[in-house]
2 protein chains.
Amino acid sequence: MLSKACKYAIRSMLYLAIHADGTKKIGVNKIADDLKTPQPFLAKLLQQLQRDKLVSSMKGPKGGFFLDEKNKENSVWDIVMSIDGAAKFDQCFLGLSKCSDENPCPVHSIAFPFKQRILEDFRDKTIVQWAGEIKNSGKVISLKDIEV
Amino acid sequence: MLSKACKYAIRSMLYLAIHADGTKKIGVNKIADDLKTPQPFLAKLLQQLQRDKLVSSMKGPKGGFFLDEKNKENSVWDIVMSIDGAAKFDQCFLGLSKCSDENPCPVHSIAFPFKQRILEDFRDKTIVQWAGEIKNSGKVISLKDIEV
DNA sequence: TAATAAAAAGACTTTTTTATCCTTAATTAA
DNA sequence: TTAATTAAGGATAAAAAAGTCTTTTTATTA
């Protein structure tokens, strides 16, 4: 559904939304370390996101990545588009090239509502909103990875 | 979630459940053609399923693949296990190595019920049951692919 | 202004997944 | 019993995804 690349990207962006801002930037090393993602690979992804104006960066000492006010108003869906593209996400669970309410695969009735629900969340909530929910949730919602 | 290989495998098996039996076997060429899957690749998959006793086959003219009574009592989950393995299916939507109710990723609350639901269906329904539902459903449920 | 720290960029490598090809074995029917 | 047909098996190839390395650019601070 989502490539590893895209999963890394989404987690990094939410991580930045929570931990970084214009005055406190965070470098790839730190991010990759916390999220347990391959460092140079993540660097590539952040570069890509930066090109698409989804994340901001500064070179040099005290430099790093952060989200400016505009970046924060983007959605998780924008990240998916930048890394995987829309087509990748919107695929039939059983691989039919044309799977719809009229022409459903055997699991369409289960898979479609789920995809819709995730899609809504991804498309309609801004990154700050996500970050807020993560921070204020009673549960300890994870972005950092704990290897098992 | 599921590899292409696994999607091809599931569709072929349901296809066989509906269209073949001990007296009418179907060859890979016909299956691959209807399902629009790469023929030699599908052959490999059916071989694998045959080794795991999920599908039956006969060589020679009038030979081909079919499901015997035992095969029909297997589940779609058995196919997933044979081709992808359980681990592949049960992965966190955002890639956390440990994602659970106690340690949820930001989309766990949406993704988990979906995975459970699919898993139940895959595990608890036999292949004949699937086939029956597909045949008797009001809708035209697709296994064959129509390229767009 | 020099040293340093960090991102940007591009080329490259490795691994995984998907897909093909070729030879052998089994079965059927003429 | 021979020709035809179809699966089984193994080796290989191609494509995609994941990951690394090296050099260049930009900013900071001493």
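Chain A is the first sequence line, chain B the second, and so forth, proteins listed ahead of strands; every chain is numbered from 1.
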Rounding to an integer number of Å, can you tell me how far [X] [atom1] sits from [N] [atom2]?
{"X": "B/Leu46", "N": "D/dA8", "atom1": "CG", "atom2": "C1'", "answer": "12 Å"}
{"X": "B/Gln39", "N": "D/dT6", "atom1": "CD", "atom2": "P", "answer": "11 Å"}
{"X": "A/Leu16", "N": "C/dA7", "atom1": "CG", "atom2": "C1'", "answer": "13 Å"}
{"X": "B/Lys62", "N": "C/dA29", "atom1": "NZ", "atom2": "P", "answer": "7 Å"}
{"X": "A/Ile83", "N": "D/dA16", "atom1": "CD1", "atom2": "P", "answer": "18 Å"}
{"X": "B/Gln48", "N": "D/dA7", "atom1": "CD", "atom2": "C1'", "answer": "15 Å"}
{"X": "A/Gln47", "N": "D/dT22", "atom1": "CD", "atom2": "C1'", "answer": "13 Å"}
{"X": "A/Lys7", "N": "D/dA17", "atom1": "NZ", "atom2": "P", "answer": "13 Å"}

For the side chain of [X], counting heavy atoms from C-beta on, which of [options] is nearest?
{"X": "B/Pro61", "options": "D/dG10, C/dT18, C/dT27", "result": "C/dT27"}
{"X": "B/Val28", "options": "D/dA18, D/dA7, C/dT28", "result": "D/dA7"}
{"X": "A/Lys59", "options": "C/dA29, C/dA8, C/dT18", "result": "C/dA8"}
{"X": "A/Pro38", "options": "D/dG19, C/dT28, D/dA8", "result": "D/dG19"}
{"X": "A/Ala5", "options": "D/dT29, D/dA18, C/dT18", "result": "D/dA18"}
{"X": "A/Ser57", "options": "C/dT28, C/dA7, D/dT29", "result": "C/dA7"}
{"X": "A/Phe41", "options": "D/dG19, D/dT28, D/dA8", "result": "D/dG19"}

Please check the phosphate of [N] (OP1 and OP2 only) for any side-chain N or O of [X] closer than 4.0 Å.
{"X": "B/Gln50", "N": "D/dA8", "value": "yes"}
{"X": "A/Lys4", "N": "D/dG19", "value": "yes"}
{"X": "A/Tyr8", "N": "D/dG19", "value": "yes"}

### Message
I'd like to know if B/Lys44 reaches the base of D/dG9 with its side chain such that a donor and an acceptor end up less than 3.5 angstrom apart.
### Response
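Looking at the base of D/dG9, it does pair with a donor or acceptor on the side chain of B/Lys44 (distance under 3.5 Å).
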### Query
What nucleic acid atoms does A/Pro40 come within less than 4.0 Å of, heavy atoms only: base, sugar-phosphate, or nothing?
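It contacts base atoms.
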### Message
So A/Lys25, base contact, sugar-phosphate only, or nothing? Heavy-atom distance under 4.0 Å.
### Response
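Touches nothing.
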#### Entry: Exceeds 12 heavy-atom contacts within 6.0 angstrom, atom NZ of A/Lys30
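Count not over threshold, so no.
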### Query
Just wondering, are more than 12 heavy atoms of other shown residues or ligands nearer than 6.0 Å to NZ in B/Lys88?
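More than 12 within 6.0 Å, yes.
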#### Entry: Parallel, tilted or perpendicular: ring planes of B/Trp77 versus B/Phe89, cut at 30 and 60 degrees
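If you compare the ring of B/Trp77 with that of B/Phe89, the planes turn out perpendicular.
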### Message
Which label fits A/Phe112 and A/His108: parallel for a plane angle under 30°, tilted from 30 to 60°, or perpendicular past 60°?
### Response
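Geometry flag for A/His108 against A/Phe112: parallel rings.
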### Closest contact, heavy atoms only, B/Asp52 versus B/Ser82
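Nearest pair, atom of B/Asp52 first, then B/Ser82: OD2-OG, 2.7 Å.
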### B/Asn103 and B/Ser100 side chains, donor-acceptor separation under 3.5 Å
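No - no donor-acceptor pair under 3.5 Å links their side chains.
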### Query
Pick the nucleotide of DNA chain D nearest each of B/Gly64 and A/Leu2; which residue has the one closer to the 5' end?
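On the 5' side of the pair lies B/Gly64.
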